[in-house]
Amino acid sequence: MFVSDQFESVARMIEAANRVVALTGAGISVESGIPDFRSPGGLWTRYDPAIYATFESFVNDPSKFWVMAAELNPLLENAEPNPGHVALAELESFGKCEAVITQNIDHLHQRAGSSDVLELHGTYRTGTCLDCGRRHSFEEVKEAALGTVPACLDCGGVVKPDVVLFGEPLNAPVLHRAIELSTSSDLVLVIGCGLEVFPAASLPTYAHRNGGQLVFVNVACTAFDDIADVIMLGKAGEIMPGVVEAYRRIAGLPTE
Ligand code: NAD
Ligand code: ZN
């Protein structure tokens, strides 16, 4: 089936569902200029996460992480929400997206207008001193970094951005709510997620086991495609506005 033929059937699934949530991964922000990490040429092909992005490696030598971050930070700073992010905010305004569970750290869902965003992997916008716990804004981290490892503005300790590194636990209340939402949803829109990182990759399974439907939007296959009810193959920033447009028609809302 062509993607354009799927717009209407997915829009009808959204209309019929009482509880819709979205699970998003790095793929939804690729069209905002932030590359995902695992695709060919991605960050993990150039920086071994075992060396650059584990909590242990950060504690042993934070300078490595900040070398990688120096490449990523300008992309994060300059990125703007794309039509994929905007489409989810629109669905929320129709009462058709209760929350966005995201693996992303880029804050683009909030900037697009989604009000309930669960940041499973934290955020790059703040940092915390590993010694005294002082929170730092992104601007403070940047000011303190001056091209090297940022030092705490209070005690001079090492500041870690509030992103979840490998080997670090996820924020428990955020994870529990993500599980509760996934388990009780009628429909989960899984957008730009490679479903290779757990526990995020388990969330669609929880929905599926409890009778929830799954729509996958991705440019590539995932290991969980067999449990998807619909797979829309293509770019999130092109597909999601088509879904929203079809939903507007079905729901009798003004089309743009
Ligand atoms: P991931 O597992 O979510 O993989 C990205 C997925 O997006 C892949 O399946 C890819 O096929 C798909 N994709 C690529 N372009 C797409 C598009 N235009 N439309 C739809 N799908 C598209 O994430 P990852 O790259 O393995 O990153 C690992 C972790 O690193 C993430 O979970 C996140 O915590 C962090 N990360 C965050 C950002 C961000 O905040 N924007 C970016 C990269 C990585
Ligand atoms: Zn400190």
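The figures here come from the full heavy-atom set of this structure, side chains too, leaving out hydrogens, waters and symmetry mates. Both ligands and their constituent atoms are indexed starting at 1 by order of listing.
- Under the 4.0 Å criterion applied to side-chain N and carboxylate O atoms, Glu90 and Arg248 are assigned as salt-bridge partners.
- Note on the Zn ion (ligand 2): protein N/O/S atoms under 2.8 Å are Cys129 SG, Cys132 SG, Cys152 SG, Cys155 SG.
- Within 6.0 Å of atom CD in Glu56, 12 or fewer heavy atoms from other residues, nucleotides or ligands are found, so the atom counts as exposed in its surroundings.
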Worked verdict on Tyr124 versus Phe138 for ring-ring contact (aromatic ring centres under 6.0 Å, His included): CA-CA 7 Å; Tyr124 86 101; Phe138 180 71; 5.0 Å; yes
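- Residue Val30 has no nitrogen or oxygen atom sitting less than 3.5 Å from a nitrogen or oxygen atom of ligand 1, judged on distance alone.
- At a heavy-atom cutoff of 4.0 Å, ligand 1 is contacted by no atom of Ala200, backbone or side chain.
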Candidate pair Arg111 and Glu80, rule salt bridge (charged side-chain N to carboxylate O under 4.0 Å, His left out), full reasoning: CA-CA 8 Å; Arg111 288 180 53 206; Glu80 294 294 332; 2.8 Å; yes
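- Between the choices Gly234, Gly25, Gly192, the shortest heavy-atom distance to atom 5 (C) of ligand 1 belongs to Gly192.
- Of all atoms in ligand 1, listed by their number and element, those nearer than 4.0 Å to a heavy atom of Pro35 are 42 (C), 43 (C).
- Side-chain polar atoms of Arg19 and Ser184 form a donor-acceptor pair below 3.5 angstrom.
- In this structure, Ile105 is part of the shell of residues with a heavy atom less than 4.0 angstrom from ligand 1.
- Under the 4.5 Å side-chain heavy-atom criterion for grouping Ile, Leu, Val, Met, Phe, Trp and Tyr, Val100 is connected to Val10 within one hydrophobic cluster.
- Of the protein's non-hydrogen atoms, Glu31 OE2, 3.0 Å is the one closest to atom 18 (N) of ligand 1.
- With 3.5 Å as the limit, one finds no donor-acceptor pair spanning the side chains of Thr183 and Asn210.
- Defined by atom type and a distance below 3.5 Å, a donor-acceptor pair is present between the side-chain atoms of Asp162 and Thr126.
- The shortest heavy-atom contact between Val20 and Ile14 is CG2-O, 4.2 Å.
- The nearest heavy-atom contact from the protein to atom 10 (C) of ligand 1 is Asn218 OD1, 3.4 Å.
- Val215 and Ile191 fall within a single hydrophobic cluster, where Ile, Leu, Val, Met, Phe, Trp and Tyr are joined by side-chain heavy atoms under 4.5 Å apart, directly or via other members.
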Between side-chain atoms of residues 152-159 and protein atoms elsewhere (two or more places apart, or another chain), which donor-acceptor pairs fall under 3.5 Å?
unit_1 : atom_1 : unit_2 : atom_2 : d
Asp154 : OD1    : Arg134 : NE     : 3.3
Asp154 : OD2    : Arg134 : NE     : 3.2

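- Using a cutoff of 4.0 Å between basic side-chain nitrogens and carboxylate oxygens, Arg135 and Glu140 are not scored as salt-bridged.
- Closest protein heavy atom to atom 4 (O) of ligand 1: Gly194 N, 3.5 Å.
- Closest protein heavy atom to atom 33 (C) of ligand 1: Gln103 O, 3.0 Å.
- Of all protein heavy atoms, the one lying nearest to atom 25 (O) of ligand 1 is Phe37 N, 2.6 Å.
- Ranking protein heavy atoms by distance to atom 20 (C) of ligand 1, first place goes to Ala236 N, 3.6 Å.
- Distances shorter than 4.0 angstrom do not occur between any heavy atom of Glu196 and any atom of ligand 1.
- Judged by distance alone, with hydrogens and angles left aside, the side-chain atoms of Ser29 form no donor-acceptor pair with the main-chain N or O of Ala26 at under 3.5 Å.
- Shown in contact with Ser29 at under 4.0 Å from a heavy atom are these atoms of ligand 1, numbered in order with element: 41 (N).
- Nearest protein heavy-atom contact of atom 39 (C) of ligand 1 is Asp106 OD2, 3.5 Å.
- Close approach to Arg38 involves these atoms of ligand 1, each under 4.0 Å from a residue heavy atom: 24 (P), 25 (O), 26 (O), 27 (O), 28 (C).
- Distances shorter than 4.0 angstrom do not occur between any heavy atom of Ser32 and any atom of ligand 1.
- A donor-acceptor pair under 3.5 Å is formed between the side chain of Glu168 and the backbone N or O of Leu165.
- No side-chain heavy atom of Thr128 sits under 4.5 Å from any side-chain heavy atom of His136.
- Counting the atoms of ligand 1 from 1 in the order shown, those under 4.0 Å from a heavy atom of Lys235 are 18 (N), 19 (N).
- With a heavy-atom cut-off of 4.0 Å, Ile34 touches ligand 1 through its side chain alone.
- Looking from atom 14 (C) of ligand 1 to the surrounding protein, the closest heavy atom is Asp36 OD2, 3.2 Å.
- Less than 4.0 angstrom separates some heavy atom of Gly27 from each of these atoms of ligand 1: 5 (C), 7 (O), 12 (C), 13 (N), 14 (C), 15 (N), 16 (C), 17 (C), 18 (N), 19 (N), 21 (N), 22 (C).
- For the pair Glu8 and Arg12, the salt-bridge criterion is met [side-chain N within less than 4.0 Å of a carboxylate O].
- Polar contact check, Leu76 against ligand 1: no nitrogen or oxygen pair lies under 3.5 Å apart.
- The shortest N/O to N/O separation between Val197 and ligand 1 does not fall below 3.5 Å.
- At a threshold of 4.0 Å, the pair Glu31-Lys235 does not count as salt-bridged, since none of the basic side-chain nitrogens sits closer than that to a carboxylate oxygen.
- An N or O contact shorter than 3.5 Å links His121 to ligand 1 by distance.
- Judged by distance alone, the side chains of Asp225 and Thr222 do bring a donor and an acceptor atom under 3.5 Å apart.
- Ligand 1 has a nitrogen or oxygen under 3.5 angstrom from a nitrogen or oxygen of Ala26.
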